[in-house]
Protein chains: 4
Amino acid sequence: MLKDKIRVAVNGYGVIGRRVADAVALQADMELVGVADIAHDWRIKIANQKHYPVFAATSEDEAKMREAGVLVEGSLKDLLSKAQVVVDCAPKSVGASNVTKYQDAGVKFIIQGGEKHSVTGHSFVAESNYEQTLGLQSTRVVSCNTTSIVRTLTALKQAGLLKRARGTLLRRATDPWESHLNGIMNTLVPEAHIPSHQGPDAQSVDPDLDVITMAVKVPETLGHVHFWNVQLTKAVSKEEVLTAYRKSSRIAFVKMSEGLTAINTIKDLMMEIGRDRDNLYEVALWEDLVEVKGDEVFYSYMVDNQAIVIPETIDAIRALDGRMKSAKESIQMTNASLGIRSSFI
Amino acid sequence: MLKDKIRVAVNGYGVIGRRVADAVALQADMELVGVADIAHDWRIKIANQKHYPVFAATSEDEAKMREAGVLVEGSLKDLLSKAQVVVDCAPKSVGASNVTKYQDAGVKFIIQGGEKHSVTGHSFVAESNYEQTLGLQSTRVVSCNTTSIVRTLTALKQAGLLKRARGTLLRRATDPWESHLNGIMNTLVPEAHIPSHQGPDAQSVDPDLDVITMAVKVPETLGHVHFWNVQLTKAVSKEEVLTAYRKSSRIAFVKMSEGLTAINTIKDLMMEIGRDRDNLYEVALWEDLVEVKGDEVFYSYMVDNQAIVIPETIDAIRALDGRMKSAKESIQMTNASLGIRSSFI
Amino acid sequence: MLKDKIRVAVNGYGVIGRRVADAVALQADMELVGVADIAHDWRIKIANQKHYPVFAATSEDEAKMREAGVLVEGSLKDLLSKAQVVVDCAPKSVGASNVTKYQDAGVKFIIQGGEKHSVTGHSFVAESNYEQTLGLQSTRVVSCNTTSIVRTLTALKQAGLLKRARGTLLRRATDPWESHLNGIMNTLVPEAHIPSHQGPDAQSVDPDLDVITMAVKVPETLGHVHFWNVQLTKAVSKEEVLTAYRKSSRIAFVKMSEGLTAINTIKDLMMEIGRDRDNLYEVALWEDLVEVKGDEVFYSYMVDNQAIVIPETIDAIRALDGRMKSAKESIQMTNASLGIRSSFI
Amino acid sequence: MLKDKIRVAVNGYGVIGRRVADAVALQADMELVGVADIAHDWRIKIANQKHYPVFAATSEDEAKMREAGVLVEGSLKDLLSKAQVVVDCAPKSVGASNVTKYQDAGVKFIIQGGEKHSVTGHSFVAESNYEQTLGLQSTRVVSCNTTSIVRTLTALKQAGLLKRARGTLLRRATDPWESHLNGIMNTLVPEAHIPSHQGPDAQSVDPDLDVITMAVKVPETLGHVHFWNVQLTKAVSKEEVLTAYRKSSRIAFVKMSEGLTAINTIKDLMMEIGRDRDNLYEVALWEDLVEVKGDEVFYSYMVDNQAIVIPETIDAIRALDGRMKSAKESIQMTNASLGIRSSFI
């Protein structure tokens, strides 16, 4: 246990921010010093109900927040003055523009995967490069899709099996909380370029990965599903592939034969096991779909875009802090706090 | 507090059964003696993980359950022998055929609203007829839609305002847990008859209600939304109508102006306030949509078809038991255990 | 037959504009002098393929259009100089800003229902007020929902049956052609005010109508469905109500008992009878859902928001032109050209 | 031109049957002798309206059809006695059980891709094996997905480029006409086995194809989308790949840059070019998504599951008849009759 708790701020209290805040509050070695946002409706009042100190992300919005009855403790600047690490969970592209504020305040910071790698010059997935991140001033927790790619391919790589990976990614069109504002209806929208950005993005964490992806937006809100065709370094048995995956503590097997035949059933399972907000932190990989043909393996998994980066963010906070030197120790601590499992049934 | 706990069994561990089981387990005056089902996959293994005693609803399925690794304590008959009250949560129409088993076992029973009123000859909504139900052998907790109708119209009736009510009901097409198996897509399906069955069904609880409904199935899974045009006994102010609703402890106001502009946001709110399974037990009535025009009031609310009958079922158990004589006392106890509120923000 | 054809321009070649253009081209007494738009992709190139003269709606877009290979005949001003009547089919709110251009060009004009009544001071539905419109400088063809309301309530009014009408309107969330750009997903979004604007809008055509509406956006793209509760002037038989509807040539009965149990089946039927773009120009009213209870009638119908205003627009062109004095004659001519029927099976 | 027309019957007047019937009626060398079905509602009455002779597929249903007002010419046996070739368009699995009837009647027959290859021992795609099919007693037009796979891979194979193909197939969950009866909602349902059946099915047409597929059901009704990663025999330019595709007359390029960014826009385009029922007979392949990386090519296309097999079925009829020896001649004749194009804009 660290002697002093890491003081953490969360800037942006949306889909990711609220989950990061709760996860930080669960860590024995961290203290949530506050959350900042610009909302002045029910979304931020919930933070008040949870007794999280609330700060106004911009001065323009502070008055509106107070007027609407939000308890505001101060400005973003005030919040940053209390923090050692700030996790930026602002909407895409706003994150990059916040960086100067964090630097001016002399606080370490984490940005999300919606921002460019160049903003921090470093991209993070715990099982791949925690040790490289120790003591850095900032890092970028890569996107949900990229996180899942790095987790699964790193498992194959560490077993000496990975040659090249080709994936098709089905992306949920919007998140449930704003599905009344935007979305797609009764259509499929392929990403406008092949390869899609996730392949190169995985290489921002591990340049050795030979990975190419195609992506398509699909009309559902629950999460992403990936289909992979990976060429291995040699012909192996299915069991060898499964063993490789089992080395990762954040890949969990699910089975079609247990009735988990679709992503709604996996989310339902998360609800039934009592996960906060039905969060699926793991890559949920269908064990009975894994198929090995010679030196190729085919598989599919679900990614919960709202939850998968939460444990990574917690580990990234510790890595920036720099005192917990062991990736394994941080990961185990995070996993225990969130109830992460290698199987659910 | 009752001297001895009421021993309760739940037959059917699906959308309703699992929620009833959890709610029973929360009551200080009840003991969950077990749940019965025919599933042998993840859905029932979750009950094992929760340490609920699991029984096989049919002998044919018992072997399959054991073979699949489900811990089975015995048969439905065994379960009934331990219970004073059984809550039937079997799929529609199976419920009716279970009645003989309950009668043979000499156990009081509750059926769900999918079954006909004639099966028990009595239909239940706590705020309308708890006292009438005291000590009965059986009752029927009416459907989600009917429950909401009786709650809201009873509130207007008790304030002396109700003349006649005309409603249009938008029904979710299927539940999230089985949305991979059935549903409707990109269409609207009006119920095949006008009036739809919910109006007459409300009269099975309170024959005095002058209520006619039309219904339509819509392509979403979150819950139902009702739109009402109610003719009042006289011209009143909006505040008088709101005061009438406030008398019910199971109608909660929500506001468009707080950002709660659609049913996904209301479900998201339930998630954020930490409700088990995001359950909305209340009728969530839009306060700022209520419009009074002379002697007519227009309003709209959301019904969570998975959750609204749970508190009613708990109260129905107590009413059948017969020892807690006061509706108010039972309702308050139930409300407290489930965290039911009159407002959320 | 008119001696000289009415020269008609269409400004805006989207969902409505393309249908209006085709309908104009079908009329024996009209000539389509051209269409204007700002698109430079496949959407406008189709107009080229159909040999419709294409004009650039703005000078900024003209260059882009030419560069992209669109055959452009000239500017909007050029188009207006050729026309006697222009039908504005620009997106909502752009229409109002076009009015000065039409007035400067001295051309009569029709705006769509997305614009305010005050823009023209006159609102149009053929069966209600064709004669009042003769020779006017401009009019507004009311929205799809309002058109259906005026058609059905006018039928009841002309039969001396209408007292007051209360309706709930389910609105499709977006049109198929842009369902990849916006929409709602797995939710229901009630309109933010009761009464919704459609009731008052119907009164812009006929101030005598006592009509109040509530509306909700639903996650489908096919069309709208209305549910009505109408108080009549007296108790009547169902047959009397049906007879009243039959007086309108633009209300067509459909039957659940024929398998037309949902709006996707009605659209499929339009496809099978060979309607251009599967257009449903009629109010498709479920004959076997109509229910009379004393002095109240309950009914439901489908509105094809892409098609229902097309025949009205054609009639409005003739009304502005002013030479065809008889509403009946214009309506029959329009109906014949579009294949409008009183029943489909 | 053939001396005598081929007399063709269609058994099953559903999504495929109605389209086959219309396509047969369009062919100069074919005569539609009738259609058989068991429906007695609007779906079959449309065939009466089109003056297609209607027959009862089973004797049990004949009475119901007559009672409902369907004009019935006779039994399936009667129909078969008039035909030289019957196209079975009955629902999946019913087709196989019809085979004995066709054999007893001595009529050549075509089954659909939902049936097993073993039912006929021969599977058909025009551009791959028309000549092999000449004069056979029966064949099987493979499924929509398989047809698209064979078309595209045959094009690469004939250019000497094909080594091995790996595809992920997104399948529409149900067809629009029955989307009120079944479907999936807000979820993704991976096919329960990898490889999915489409890869082996393509080999039933061409055993040389090295093709492995994964499939997933998605919540939309418009059609399928495939994503492919094909290893070529050598490194080539993108232009060489495009040239290979252009050899097929049933692959049409579409472009994201023309605004055709999603499958709803492609269906809208079919509507705008006036295609019967918005049918897309071609594989609509995104030209600007095609990406070549060394010896690999990546691409994506849309498949209209309701339409793509229609031209194949027409060619299969001619192949069974046996008089038109040239695949090219049949394909050109079919393409011309249906308005098949190599590009749309």
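The sequence lines fix the lettering, A, B, ..., with proteins before strands; numbering per chain opens at 1.
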Q.
With a 4.5 angstrom heavy-atom cut-off, is it the side chain or the backbone of B:E258 that approaches chain A, or both, or neither?
A. both
Q | Residue pair B:V225 / B:V303, side-chain heavy-atom distance below 4.5 Å | A | no
Q.
Looking only at heavy atoms and a cut-off of under 4.5 Å, which of B:L222, B:I273, B:I345, B:T261 has the most pairs with chain A?
A. B:I345
Q | B:R66 side-chain N/O to B:V72 backbone N/O, donor-acceptor pair under 3.5 Å | A | yes
Q.
Do the side chains of A:E282 and A:R275 get close enough for a salt bridge, i.e. N-O under 4.0 angstrom?
A. yes
Q: Determine whether the side chains of B:D304 and B:N279 contain a donor N or O and an acceptor N or O closer than 3.5 Å.
A: no
Q: With a 4.5 Å cut-off on heavy-atom pairs, point out which of B:H40, B:E272, B:E178, B:M271 contacts chain A the most.
A: B:E272
**Q.** Among the listed options B:T221, B:N186, B:V254, the residue most often paired with chain A at heavy-atom distances under 4.5 Å
**A.** B:N186
**Q.** Presence of salt bridge, A:R277 and B:D278, under 4.0 angstrom
**A.** no
Q: Just give me the residue among B:A262, B:S179, B:S257 that pairs up with chain A most often, heavy atom to heavy atom, under 4.5 Å.
A: B:S179
Q: Sort out for me which of B:N48, B:D276, B:L260, B:I263 touches chain A most, counting heavy-atom pairs under 4.5 Å.
A: B:L260
Q) Salt-bridged, B:D268 to A:R18, with N to O below 4.0 Å? A) yes
Q.
Under 4.5 Å from any heavy atom of chain B, what part of A:K50 do you find: side chain, backbone, both or neither?
A. side chain
